[in-house]
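Before any comments, here is the structure.
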Amino acid sequence: MTPTHAASSPARTCLAIVLAAGEGTRMKSEKPKVLHQVANRSMLGHVLATLTQAGATDAAVVIGPDREDVAKEIQKVSTQARIFVQRDRLGTAHAVLSAREALAQLVDDVIIAFGDTPLILPETFSKLRIPLAEGAAVVAMGFEAKDPAGYGRFITSGTDLLAIREHKDATEEERAITLCNGGLMAIRGDLALALLDRVENNNAKGEYYLTDIVEIARSLGHRTAIAVVSEEEVHGVNDRAQLAAAERMIQDRLRQAAMASGVTLVAPETVFLSHDTRFGQDVVVEPHVVFGPGVVVENGTLIHSFSHLEGARIYSGAEVGPFARLRPGASIGSQAKVGNFVEIKNTELGAGAKVNHLSYLGDASVGAKANIGAGTITCNYDGFGKYRTEIGEGAFIGSNSSLVAPITIGKGAFVGSGSVITESLPDDALGLGRGRQTVKEGWAITFREKSQDKKRK
Ligand code: UD1
Ligand code: CA
């Protein structure tokens with residue numbers, strides 16, 4: 001893992017424990033809550049990626065029983081993360097203790113995060129760790145809640161955090177407190193197990209509360225601290241409406257970052273980005289464009305309205321859309337043009353090539369400066385296998401042609417309009433594959449006379 005936002009002392013080791021055993025019944029889904037996506041990545045994936053960015057040197061994820069799907073996602077995002085199963089859901093402290101084996105290996109800092117809280121920034125994790133480096137035993141992340149109902153309240157004295165009182169256990173007076181627990185915590189590694197093992201379940205919910213370690217640490221004479229963040233960052237997702245709210249916030253961040261890096265978004269609120277969308281400078285994106293996962297857009301490109309892109313690379317100065325669809329493996333060469341109602345999949349379009357109207361190119365390579373006429377279709381699939389079409393540099397494909405793969409069109413070759421091409425063409429050849437035209441002079445005059453006679457009778 002490469003720390004980019006490491007805490008004040010970058011040498012400190014850090015174990016991140018992510019709690020992801022939630023069932024998420026309010027999602028009304030077959031899929032576990034933490035696998036639902038925002039900006040094309042699971043919420044759990046966001047949290048794990050952020051922790052890596054924040055300098056976690058080790059990660060453990062606590063999942064529910066029989067959740068191979070969650071385990072698979074974890075392995076996809078973070079090969080180093082260890083997986084622990086919490087058999088019974090007995091509370092957040094119990095969940096953390098499910099990763100006892102990871103906690104037993106000494107690290108400087110332990111961070112606890114929730115898998116359904118995808119908006120936390122890497123800086124925040126670092127902010128939590130700073131007081132640990134300065135000697136605090138426990139640091140809790142707080143925020144000013146607009147509506148504190150349901151959250152744990154921070155009981156403070158001056159800047160000291162004395163305890164965290166869960167909503168259900170709080171007195172009326174305590175419930176008036178608006179500084180709430182965001183859920184994230186940082187614990188000194190050498191104390192973590194000892195503090196967690198002292199947690200009891202004598203509370204309103206009968207659960208082992210992670211939050212109790214604040215009071216426990218203080219009773220043992222340790223210092224505790226608070227790190228305050230915005231309410232947006234602690235936004236947790238329990239239902240589809242909160243998922244959509246998380247998507248809105250992440251999209252807003254991605255748009256701001258794109259604009260800050262030199263991309264013009266004419267109407268940013270209408271452009272949807274992916275967590276991994278990469279832009280060069282002086283890119284212009286017109287309104288209503290959707291970026292799926294894995295898109296790289298180089299300098300000086302223009303993406304017109306209503307285009308949908310995924311798994312595509314667009315080289316400098318190229319122009320795409322309006323109404324273009326780029327699918328995985330589309331590579332649009334420098335200064336190339338892809339026009340309206342064009343679909344491109346697993347195809348390299350050479351520099352300066354043009355495919356301007358109503359075409360499908362799949363499993364193909366198109367040489368530099370080739371011109372693909374309107375309505376050209378690569379017939380790449382026979383119901384069983386996929387086959388390639390190779391089009392040479394400077395070739396000219398006449399409109400409304402079908403290129404039946406596997407096939408090669410040589411450099412500089414021509415294909416006559418309306419052809420069905422089933423045999424390869426050498427360089428500079430002309431391929432025609434269509435019915436020969438006949439001309440019958442005066443035919444229309446005879447036709448009209450006969451037809452009018454018939455109508456009169
Ligand atoms: C928790 C905090 C509360 C804080 C709030 C912020 C505790 C006791 N309370 O309350 O102070 O204001 O988060 O959102 O920590 N989990 C498990 N196993 C369990 C229980 C929970 O994995 O046995 C996971 C959940 O999936 C979830 C997270 O831990 O991701 C938090 O649990 P939840 O029950 O939602 O805690 P809250 O009551 O919201
Ligand atoms: Ca919760």
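In listed order, ligands and their atoms are each counted from 1.
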> Salt bridge or not for Glu231 and Lys146, using N-O below 4.0 Å?
Replying inline: yes
> Quick one: do Asp363 and Lys345 make a salt bridge, cutoff under 4.0 Å?
Replying inline: yes
> Pick one: which of Leu191, Thr224, Ile187 meets side-chain contact (heavy atoms from CB on, under 4.5 Å) with Ile213?
Replying inline: Ile187
> Do His304 and Glu319 meet the criterion of a side-chain donor-acceptor pair at a distance under 3.5 Å?
Replying inline: yes
> Among pairs that include at least one residue of residues 93-104, which meet side-chain hydrogen bond (donor to acceptor under 3.5 Å, both in side chains), considering only residues two or more places apart or in two chains?
Replying inline: Gln86-His94, Arg100-Asp197
>> Tell me whether the NZ or CZ atom of Arg325 lies within the 45° cone about the ring axis of Phe306 and under 6.0 Å from its centre.
In response: no
List, pair by pair, the atoms of ligand 1 and of the protein that are both N or O and lie under 3.5 Å apart, giving the separation rounded to 0.1 Å.
unit_1   : atom_1 : unit_2 : atom_2 : d
ligand 1 : 9 (N)  : Glu166 : OE1    : 3.0
ligand 1 : 9 (N)  : Glu166 : OE2    : 3.1
ligand 1 : 11 (O) : Gly152 : N      : 3.4
ligand 1 : 11 (O) : Glu166 : OE1    : 3.4
ligand 1 : 11 (O) : Glu166 : OE2    : 2.7
ligand 1 : 11 (O) : Asn181 : ND2    : 2.8
ligand 1 : 12 (O) : Gly152 : N      : 2.9
ligand 1 : 12 (O) : Asn181 : O      : 2.6
ligand 1 : 15 (O) : Thr92  : OG1    : 2.9
ligand 1 : 18 (N) : Gln86  : OE1    : 2.6
ligand 1 : 22 (O) : Ala21  : N      : 3.4
ligand 1 : 23 (O) : Gln86  : OE1    : 3.3
ligand 1 : 23 (O) : Gln86  : NE2    : 2.9
ligand 1 : 23 (O) : Leu90  : N      : 3.4
ligand 1 : 23 (O) : Gly91  : N      : 2.8
ligand 1 : 23 (O) : Gly91  : O      : 3.1
ligand 1 : 26 (O) : Gly22  : N      : 3.0
ligand 1 : 26 (O) : Arg89  : NH2    : 3.2
ligand 1 : 38 (O) : Lys205 : NZ     : 3.2

